[in-house]
Enquirer: 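Could you have a look at this structure, given as structure tokens, before my questions?
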Amino acid sequence: MSIKIENVSYTYLKKTPNEVEALHNVSFEIKEKKITAIIGHTGSGKSTLIQMLNALSTPTSGRIIVDRFEIGPNPKKNKNIKELRRHIASIFQFPEYQLFEETVEKDVAFGLKNYGVKQEEAIKRGHEALKQVGLDESFFSRSPFELSGGEKRRVAIAGILVLDPDILVLDEPTAGLDPEGTRIILDLIKELNNQGKTIILVTHDMNIVLNYADEVVVLKEGNLVYQGVPSELFSLSSDDLSLEIPPLYQFSKALIDKGLNININSIKNIDDLIKEINRK
Amino acid sequence: MSKITFGRFSPYNTIVHRLDARNKILMTILLLVSIFLKVNSWSSTLIMSAFMLLFLILFMLISKVSFIDLFKSLKTMWLLVIFLLIIYIFIPNPNYNPEHIAFYIGRLAINYDAFYQSGYIILRIVMMLMVTMILTSTTSPMDLTYGLEWYMTPLKLIRVPTHIIAMTLSIALRFIPTLLDETERIMKAQSSRGVDFVHGGIGKKFTAIISLIIPLFVSAIGRSEELSNAMEARGYDPYAKRSKYRKLTFSWADLFGLLLILCIFGAVLTLRTYDSNVMPVDFIYWIFKAKPLF
Ligand SMILES: Nc1ncnc2c1ncn2[C@@H]1O[C@H](COP(=O)(O)OP(=O)(O)OP(=O)(O)O)[C@@H](O)[C@H]1O
Ligand SMILES: [Mg+2]
């Protein structure tokens with residue numbers, strides 16, 4: 001399931017004095033079975049873009065093609081939306097606001113029940129999803145409202161994972177989590193990707209981009225300004241993208257400048273760097 | 001999901017926007033009363049309504065109120081129209097006149113009265129919508145509450161805490177758009193968990209609504225708690241004497257507008273006291289059958 005975004009524009013509050021063009025004529029393709037990071041400054045249109053991927057909002061103009069589904073400006077013409085949402089699921093910024101059931105396990109199972117899975121089966125698969133996000137049995141029958149912010153976040157993520165979508169869209173899934181929670185979520189994302197899922201990840205953290213993403217898309221004020229691989233992006237010393245270069249990349253670059261002959265494009269994390277240095 | 005935009009403040013800078021909020025509240029009340037006062041004679045009702053309608057349309061144009069929003073809210077009114085028609089068909093008609101019968105459905109005689117009465121009510125509701133729309137989309141919620149607070153000043157004498165009421169009101173008004181945004185956000189989140197807010201039977205709809213309402217309440221309560229903490233942290237004391245950041249000023253335009261509305265109000269009052277025995281139905285009957293009216 002590849003995703004094609006064709007000349008997509010989106011305007012909030014169209015035809016009012018508060019009109020905002022959040023996306024302007026954006027076109028690109030998201031590759032299958034890869035982790036694509038979408039980055040850009042606050043207000044650059046990232047959330048706006050990913051909400052259209054599963055037809056939660058429709059583009060003002062242009063269209064998005066996900067496999068055999070097409071999302072165009074006219075909501076009435078977009079067919080099989082529920083089916084589409086089974087294949088591509090989104091986790092939004094601050095998903096903890098979507099919890100509502102009495103217990104954590106019921107809340108996680110809720111999505112499956114919407115697709116007609118029986119209660120028992122749904123709960124069972126819910127338990128698996130909860131374990132995947134690092135929450136053990138002691139959480140299953142607690143009320144979701146009694147949990148801490150980070151725990152709520154993980155429950156909400158489990159609530160989407162349980163649907164087992166082919167494409168997973170995550171809007172800043174790690175914002176506000178502690179390092180341990182962040183690592184669990186990111187490792188999970190990597191693991192899901194290895195299982196063959198396409199991942200689209202919105203983030204502000206360049207370390208995550210370098211470490212996890214195969215592809216990176218940069219938005220700036222509603223325009224697409226870059227698409228490519230992370231290491232290449234960071235090697236462009238472009239001030240107009242005004243990106244924060246990850247320390248690891250800066251360090252590797254400094255090593256190269258000092259005369260060490262390593263391949264910067266294969267360095268994604270500290271282990272890679274050590275391997276590269278040892279190889280020499 | 002389409003946004004609910006009816007009556008939302010739209011920050012243009014027209015002459016109507018610049019009018020004093022207190023004055024606009026007064027004018028709105030006068031207009032609403034004029035719309036709902038029953039003028040006795042049918043011909044004057046017709047003339048008055050036509051005049052009011054034109055006047056309101058003109059006002060909407062001047063103040064750049066969206067006609068699309070108005071039509072959108074009217075679209076949902078057809079149910080009301082049918083409901084009113086049915087009621088007027090079945091309630092006994094005090095001035096029953098066999099000549100007023102429009103047609104029969106089986107043995108049921110349908111009077112012109114039913115159409116006239118329901119049509120007139122609909123017209124008045126439409127005009128009422130127009131008036132309130134003009135008020136709320138040209139006056140910011142803040143100004144509106146300041147205006148209301150001003151009208152409540154006399155209550156201070158009997159120790160009613162008017163500024164607390166005003167503060168409560170303005171916070172409530174301020175949070176309406178926030179809650180609407182929140183609603184949209186939660187609906188989107190639940191939609192990606194497979195909730196269908198549009199299709200499905202009663203059971204499905206019920207679960208869908210629950211999955212929206214509970215998170216909405218939780219976040220609203222959370223927000224109010226945060227807000228009250230934040231207010232206290234900034235030293236808000238409801239009983240302290242306070243000064244105003246924005247002053248409401250009564251301008252020449254206000255005077256002119258008020259006079260205009262007073263003229264309309266006066267005209268309606270005069271027409272109301274001017275009694276005529278011609279029944280509205282006679283008039284319709286006269287149009288259709290072209291018989292002498294009086
Ligand atoms: N509901 C809305 N109504 C009006 N304007 C909006 C709305 N949501 C977003 N915008 C505007 O659209 C633009 C893009 O917003 P968007 O939420 O997509 O940004 P973002 O890239 O996700 O930012 P962040 O990194 O802060 O999450 C911003 O200028 C924002 O002010
Ligand atoms: Mg965002």
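For clarity, every value in this text was computed on a predicted model and none was experimentally measured.
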Enquirer: For A:Phe92, is it the side chain, the backbone, both or neither that has a heavy atom under 4.5 Å from a heavy atom of chain B?
Expert: side chain

Enquirer: Given heavy-atom pairs under 4.5 angstrom as the criterion, report whether the side chain, backbone, both or neither of B:Ile210 touches chain A.
Expert: both

Enquirer: Heavy atoms, side chains only, cut-off 4.5 Å: are A:Ser90 and B:Lys188 in contact?
Expert: no

Enquirer: Could you report the tightest heavy-atom contact between B:Gln190 and A:Gln98, atom names first, then the distance?
Expert: NE2-O, 3.0 Å

Enquirer: Is it the case that over 12 heavy atoms from other parts of the model lie below 6.0 angstrom from the CZ atom of B:Phe217?
Expert: no

Enquirer: For A:Phe110 versus B:Ser211, what's the shortest heavy-atom pair and its separation?
Expert: CZ-CB, 3.9 Å

Enquirer: For B:Tyr12, look at atom OH and say whether over 12 heavy atoms of other residues, nucleotides or ligands are found less than 6.0 Å away.
Expert: yes

Enquirer: Considering residues, nucleotides and ligands other than B:Lys204, do more than 12 of their heavy atoms fall under 6.0 Å from its NZ?
Expert: no

Enquirer: Once rounded to the nearest 0.5 Å, what's the spacing between atom OG1 of B:Thr207 and atom CG of A:Asn114?
Expert: 7.5 Å

Enquirer: For A:Lys124, does the NZ atom sit with more than 12 other heavy atoms under 6.0 Å from it, leaving out its own atoms?
Expert: no

Enquirer: I'd like to know which of B:Pro11, B:Ser10, B:Ser219 tops the heavy-atom pair count under 4.5 Å against chain A.
Expert: B:Pro11

Enquirer: Answer yes or no: does atom NZ of A:Lys113 have more than 12 heavy-atom neighbours from other residues, nucleotides or ligands under 6.0 Å?
Expert: yes

Enquirer: Less than 4.5 Å to any heavy atom of chain B: does that hold for the side chain of A:Gln51, its backbone, both, or neither?
Expert: side chain

Enquirer: Give, as side chain, backbone, both or neither, the part of B:Val195 having an atom under 4.5 angstrom from any heavy atom of chain A.
Expert: both

Enquirer: Any salt bridge between A:Asp107 and B:Arg193, counting N to O under 4.0 Å?
Expert: yes

Enquirer: For B:Ser192, which of A:Leu56, A:Leu53, A:Leu163 qualifies under side chain to side chain contact (heavy atoms under 4.5 Å, CB included)?
Expert: A:Leu56

Enquirer: Quick check on A:Lys33: does its NZ atom have over 12 non-hydrogen neighbours (other residues, nucleotides or ligands) under 6.0 Å away?
Expert: no

Enquirer: I need the B:Ile213 CD1 to A:Phe100 CZ distance, nearest 0.5 Å.
Expert: 12.0 Å

Enquirer: Should we say atom CD1 of B:Ile202 is surrounded by more than 12 heavy atoms from elsewhere, each under 6.0 Å from it?
Expert: no

Enquirer: Is atom CD of A:Glu221 surrounded by more than 12 heavy atoms (other residues, nucleotides or ligands) closer than 6.0 Å?
Expert: no

